[in-house]
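This report refers to the structure that appears directly beneath it.
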Amino acid sequence: LVPVAASADTIVADYIGTGLGYHGGFTATYDNDPTHTSYGNFAGEIRLAGLPDVYCLDFFHYLVDPQTMEIKPIGDYGDDPGNPVHVVSGAGDKIGGLIQQYYSSVDTNIEAAAMQFAIWELAFETQAYGFTTGLFRVTSDAGVLTQAMTYVNWAVANPNGTGATWYDV
């Protein structure tokens, strides 16, 4: 997800590395399925050539270097046959508002990892929000999860739909 206005066009950019965030120190799982588990690969900001740092919406896509990425509108996410789940209804407005409100103030590894976890929670959770129950679960440092819930709660209370609406495939 990039902090730019929505567009129907596809952006192509080269992955150039990671920014703030966590390499390791967490486990994220979708639907209690070990094949849909990330054992601390990375959660945080992703660097793409020619764009501001971004966050990943596609929990099921691992980045490699070098890699060229296509960034498309969030509404196209469910149409990608490589993804086993769809973004929940209304998530784009919540995530967009969250990115718009907090993107420029994220300046620590904890905040960047928390932002990533909050985005995944908002995108995929169909039950009550929280990182220990439901479809999307995360185990990590308590400080990261506390900050992530702060982001989730803010986004749920303040959806505005005018922020970032892109994702990578």
Side-chain angles (χ1 to χ4, degrees), residues 1-3 15-48 52-65 67 69 71 74 77 82-88 90-159 163-169:
L1 296 159
V2 294
Y15 169 71
I16 57 174
T18 58
L20 294 173
Y22 271 19
H23 289 276
F26 72 91
T27 300
T29 304
Y30 180 78
D31 199 19
N32 263 342
D33 185 339
T35 64
H36 297 151
T37 299
S38 175
Y39 296 100
N41 293 326
F42 182 72
E45 299 171 343
I46 300 166
R47 299 212 164 129
L48 301 176
D53 287 351
V54 302
Y55 290 92
C56 176
L57 180 60
D58 191 345
F59 178 72
F60 303 99
H61 183 108
Y62 293 95
L63 295 172
V64 295
D65 188 11
Q67 178 175 350
M69 303 172 79
I71 303 173
I74 199 169
Y77 184 84
N83 290 310
V85 298
H86 298 275
V87 172
V88 298
D93 289 344
K94 293 171 187 164
I95 294 167
L98 178 65
I99 294 284
Q100 186 157 350
Q101 177 68 22
Y102 286 105
Y103 179 85
S104 63
S105 66
V106 171
D107 60 4
T108 69
N109 289 329
I110 288 174
E111 291 168 340
M115 178 68 75
Q116 182 65 81
F117 295 149
I119 289 167
W120 285 334
E121 178 76 6
L122 292 164
F124 300 122
E125 188 56 69
T126 60
Q127 301 171 20
Y129 292 117
F131 294 102
T132 59
T133 62
L135 286 177
F136 180 73
R137 300 177 187 197
V138 176
T139 57
S140 185
D141 176 90
V144 174
L145 296 181
T146 298
Q147 182 64 49
M149 276 312 299
T150 297
Y151 290 148
V152 167
N153 291 334
W154 187 93
V156 169
N158 299 283
T165 53
W166 299 88
Y167 82 101
D168 74 89
V169 294

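Bear in mind the structure is a predicted one, so any value in this text is a computation, not a measurement. Heavy-atom basis, side chains included; hydrogens, waters and symmetry copies ignored.
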If I compare all heavy atoms of L20 with all of T108, which pair ends up nearest, and what's the gap? CD1-N, 3.7 Å
When you measure from the side chain of E125 to the backbone N and O of F136, does any donor-acceptor pair fall under 3.5 Å? yes
Residue set satisfying side-chain contact (heavy atoms from CB on, under 4.5 Å) with T139, at least two apart, ordered chain then number -> T27
Can you name the closest pair of heavy atoms from M149 and G130 and give their distance? SD-CA, 3.9 Å
List the atom of E111, the atom of S105, and the distance in Å for their closest heavy-atom pair. OE1-O, 3.5 Å
Nearest 0.5 Å please: distance from the CG atom of N109 over to the CG atom of D141. 11.5 Å
Gap separating the OH atom of Y151 from the OG1 atom of T146, nearest 0.5 angstrom: 12.0 Å
Which distance, rounded to the nearest 0.5 Å, do you find between the CZ of R137 and the CG of D31? 9.0 Å
Between A123 and A91, the two heavy atoms sitting closest are CA-CB, 3.9 Å
Can you list everything that forms a side chain to side chain donor-acceptor pair (under 3.5 Å) with Y102? Sequence neighbours excluded, please. none
Report the distance from atom CG of L135 to atom CD of E121, rounding to the nearest 0.5 Å. 9.0 Å
Roughly how far, to the nearest 0.5 Å, is CG of N153 from OH of Y129? 10.0 Å
Nearest heavy atoms of A148 and A118, plus distance in Å: O-CB, 3.7 Å
Spacing of T133 atom OG1 and Q127 atom CD [to the nearest 0.5 Å]: 7.0 Å
Tell me every residue that passes side-chain contact (heavy atoms from CB on, under 4.5 Å) with L145, counting only those two or more places apart in sequence or in another chain. F117, F131, V138, S140
